[in-house]
Amino acid sequence: MIKIFSKYKSVAVSLALGLSLTMATSCTDYLDKAPESDVSAEDAFKNFTSFQGYTEELYLCMPDFCRGYWTTSWNWGEDDIMAVGINYHMSYKVDQGDFWGWQQEFDGWGSGFMDAGNTFDPNDRFKRSLWKGAWYGIRKCNIGLENMELMTAASTEERNTVKGQLLFFRGWFHFMLMQYFGGLPYLDSAVAPDQPMTLPRETYQACADKAAKDFREAADLLPVDWDKSPVGRNTLGKNGFRINKITALAYLGKNYLWAASPLMKNIDEKMNVLNPNASTYEYDTDYAKKAADAFGELLSLVESGSTQYKLVDFSEYSDLFYTWNKNMLPPGSTESILRAIAHDAWQNSQFGVFTEFGGQILTGGMAFSQPTANYVNYYGMANGLPLNDPESGFDKNHPWKDRDPRFYHDIVYDGVKVVEGTINPESNRYANMYTGGSYRDDINESRTGYFLYKFIPMLANNYDMGDTFNKLYIDVPYLRLADCYLMYAEACAAMGGASSKSTNCSLTALDAVNKIRQRAGVADVAAKFTADKSKFMDEVRRERAVELSFEGHRFNDLRRWLLLDKAPYNIKTSQEFVRAGAFDPKNPKDTEVSGFTEKVILTRNFTQKHWWLPLKKKDTSIYPEMFQNPGW
């Protein structure tokens, strides 16, 4: 990254970390500096190199949600369960209804990306977290935008590119906070450290409208591909992480879709849910149309080949999440639209991710994060039908047969060969996931009957990879292209069903879903689901659950769909069974089992307050307009 001038880095480090710090910080803290660090504002913001250096720190304000701590918790829906005894991760705390757990004051290390560390430092992965980083970044954006007129020694394109990034990040930081907390003060100017904070919390839709304005302007200013723009020539081939027009359009659509969602449509100005039993299919169609148009603009560019983005071939699906022995090539391929920048080589590699999934036998550690059986059920059959459809062909005596190909990619099930090298005893070469098997243990192995291997290669174990873990680069993106197709489908379906489409894209909602299925080798959505708007929406959501599984979306999806507290979305289950007949290690998909039943191992008892996370008590005590979320 381009090094910024020392004065303005010193100023930036002292910017507000939150609403309380905006009130409490003394200006003398950041004015204590060495004389040689004096740089005038005119020089600091004069040209593209210096202003871009200032702007690039914003990329490090993004929390690295999948690698922010030694082990990280980022799946808080009904998709994931912690090993018994892991009671300090946020996933466990959400299961207990303890949403205070996101805060550092309440052992926030367990939430990792939300509120890690007592202070914020963009250069320290243990101190890069959403709450502190977002307010820091918003203030930095506003200072930059208020100094745009000083960028005189620059071309129009250079000025547009800097301004576009600042606008995007201002919208993005606000949007990320809104997802969890609802409407907040939308800060579109820099608040002086000694200025009283009086800005009230706004409605969710008011915040969404302001974020949309920032995203829209950013999309109009930014290039589609930095490598093909004059501004990216000095960093040619190294621009994959940079914000561009497609990134801005994607979040413009996502911001509008969230505003359209049943939860956001059904709250008042105090974030109270007016009718917790309102229909999960009731969207705000005006916002849904805006979302569809934003995604339609994006997908039209992609479909016409006018961007660097395309869906990867399923044979390269793993490259979306990890690369191994590829000279630390960042994963993401042509599909990753937004991802966090790793701070160091250790963070790039297996640390904090690899050891979360494999269990004691394979990695020497606990399987912190395990897929729940109820969630694995969303992976339907290769014929495109859900497991519970009477015509799906699902057979409880052969439960691994003819499943969605993504099931075989993401999930380690009973009988899968997990070790190639020497292992003792030999029986542990295969994942003995049946009830009582060697890979079934509530503390050290799997308590659900499954392992999650979506983000790590099969050879990520102590027997096969040995001391070459430093060649493994793991990264889970914030947003990728497949998500845009599915959000477009949801927005269009909310307007009118399977045949609906935006005004600027030829794809219908059905086309968009089928495009993702076809990439994976799954049959199209069956005609029986396309005539009924609600049934089709159910299939859109199931497709989203499968394609974007364990990528950190499910908790917010269940909330915005008004499903978080409702059965069966509030339970977590294990799969119980025994092998029947001879086991053929060459064909685990054909394994015959008996007694195939699900066991509820946890029920989440949520109440009205669990629609939102609680704000920090010290922030809600600053002034009356900064009120706490309902029930907290």
Side-chain angles (χ1 to χ4, degrees), residues 19 62 130-131 134-135 137-138 141-142 145 164 166-189 199-220 243 247-274 278 280 282-298 337-338 478-479 483-484 486-488 490-495 502 553 555-562 611-613 615 625-627 629-630:
L19 298 179
M62 297 169 57
L130 180 61
W131 182 255
W135 295 116
I138 289 168
C141 290
N142 285 327
L145 289 166
L166 294 171
L167 287 166
F168 171 85
F169 275 115
R170 185 170 70 181
W172 189 82
F173 288 129
H174 279 103
F175 170 73
M176 291 298 292
L177 293 175
M178 290 156 51
Q179 287 186 99
Y180 296 101
F181 304 104
L184 293 165
Y186 199 95
L187 304 182
D188 52 12
S189 62
L199 293 174
R201 295 185 66 179
E202 302 192 46
T203 66
Y204 190 97
Q205 284 76 12
C207 283
D209 288 341
K210 291 183 177 181
K213 184 175 182 296
D214 283 345
F215 288 136
R216 178 69 263 177
E217 188 174 356
D220 294 338
I243 303 304
T247 322
L249 286 174
Y251 274 96
L252 175 63
K254 185 171 184 176
N255 171 64
Y256 274 139
L257 180 59
W258 262 235
S261 297
L263 171 63
M264 289 62 168
K265 184 180 186 296
N266 192 38
I267 56 175
D268 64 17
E269 67 279 359
K270 293 291 186 179
M271 309 308 148
N272 292 294
V273 177
L274 300 176
T280 184
E282 188 177 347
Y283 287 72
D284 184 305
T285 54
D286 290 338
Y287 277 114
K289 182 182 184 305
K290 292 177 181 179
D293 286 343
F295 288 124
E297 182 179 348
L298 182 159
I337 291 177
L338 183 67
Y478 271 100
L479 191 147
D483 193 355
C484 294
L486 294 176
M487 287 191 288
Y488 173 79
E490 182 181 344
C492 292
M495 291 190 298
S502 69
H553 303 291
F555 177 68
N556 287 332
D557 281 346
L558 290 179
R559 289 174 50 246
R560 68 186 181 88
W561 294 333
L562 288 173
W611 294 117
W612 305 106
L613 269 61
L615 293 162
E625 292 84 359
M626 189 62 182
F627 56 87
N629 278 329

Verify whether the ring centers belonging to W131 and F181 lie closer than 6.0 Å. yes

Is the backbone N or O of W561 less than 3.5 Å from a side-chain atom of T280, with the two atoms forming a donor-acceptor pair by type? yes

Is the side chain of Y283 donor-acceptor paired with the backbone N or O of A493 at a distance under 3.5 Å, no angle test? no

Answer yes or no: is there a side-chain heavy-atom contact under 4.5 Å between L298 and M487? no

Check the pair L130 / Y180 against side chain to side chain contact (heavy atoms under 4.5 Å, CB included), numbers first and verdict last. CA-CA 11 Å; L130 180 61; Y180 296 101; 4.0 Å; yes

Between N266 (side chain) and V273 (backbone), is there a donor-acceptor pair under 3.5 Å? no

Would you say the side-chain atoms of N255 pair up with the backbone N or O of A211, donor to acceptor, closer than 3.5 Å? no

Can you measure from NZ (K254) to CG (L338) and round to the nearest 0.5 angstrom? 9.0 Å

What are the two closest non-hydrogen atoms of A259 and A208, and how far apart are they? CB-CB, 3.8 Å

Verify, without hydrogens or angle tests, whether R559 (side chain) and Q179 (backbone) share a donor-acceptor contact under 3.5 angstrom. yes

Any non-hydrogen side-chain atom of W172 less than 4.5 Å from a side-chain atom of M62? yes

Could I get the full list of side chain to side chain contact (heavy atoms under 4.5 Å, CB included) partners for D286, not counting sequence neighbours? D284

Hey, could you give me the CZ/CZ distance between F168 and F173, rounded to the nearest 0.5 Å? 9.0 Å

Decide yes or no on side chain to side chain contact (heavy atoms under 4.5 Å, CB included) for K289 and Y256, but give the supporting numbers first. CA-CA 9 Å; K289 182 182 184 305; Y256 274 139; over 6 Å; no

Answer whether the closest heavy-atom distance between the side chains of W611 and L562 falls below 4.5 Å. yes

The reported gap from CD in Q205 to OH in Y287 (rounded to nearest 0.5 angstrom) is 5.0 Å

Could you pull out the closest heavy-atom pair between M178 and C207, with the gap in Å? SD-CB, 3.5 Å

Is there side-chain contact between L613 and N629, with heavy atoms separated by less than 4.5 Å? no

How far apart are the closest heavy atoms of I267 and L263, and which atoms are they? CG2-O, 3.3 Å

Gap separating the OG atom of S189 from the CD1 atom of I138, nearest 0.5 angstrom: 11.5 Å

Sidechain-backbone polar pair: T203 side chain, A206 backbone, donor-acceptor under 3.5 Å: yes

Any S502 side-chain heavy atom under 4.5 Å of Y488 side chain: yes

Could you state the interatomic distance from CZ (R201) to CD (E269), rounded to the nearest 0.5 Å? 11.5 Å

From the options Y186, Y251, W258, select the one residue that forms a ring pair (Phe, Tyr, Trp, His ring centres under 6.0 Å) with H174. Y186

Go through the steps for D483 and I337 under the test side chain to side chain contact (heavy atoms under 4.5 Å, CB included), then give the verdict. CA-CA 10 Å; D483 193 355; I337 291 177; over 6 Å; no

If you take all heavy atoms of A292 and A491, which pair is closest and at what distance? N-CB, 3.8 Å

Please name the pair of heavy atoms, one in L177 and one in A134, separated by the smallest distance, quoted to 0.1 Å. CD1-CB, 3.8 Å

My understanding is that only residues two or more places apart in sequence, or in another chain, count here; which of them pass salt bridge (charged side-chain N to carboxylate O under 4.0 Å, His left out) with R560? E490, D557

Rounded distance (nearest 0.5 Å) linking atom CG of D188 with atom CG of L167: 11.0 Å

Of the non-hydrogen atoms in A260 and K265, which two are nearest, and what is the gap between them? O-CB, 4.3 Å

Is there a side chain to side chain contact (heavy atoms under 4.5 Å, CB included) between M626 and L199? Walk through the geometry before answering. CA-CA 8 Å; M626 189 62 182; L199 293 174; over 6 Å; no

Does the W612 side chain pair with the main chain of M271, one donor and one acceptor, at a distance under 3.5 Å? yes

Can you pull out every salt bridge (Lys or Arg N to Asp or Glu O under 4.0 Å) where at least one residue sits in residues 206-216? Sequence neighbours excluded, please. R170-D214, E202-K210, R216-D220, R216-E297

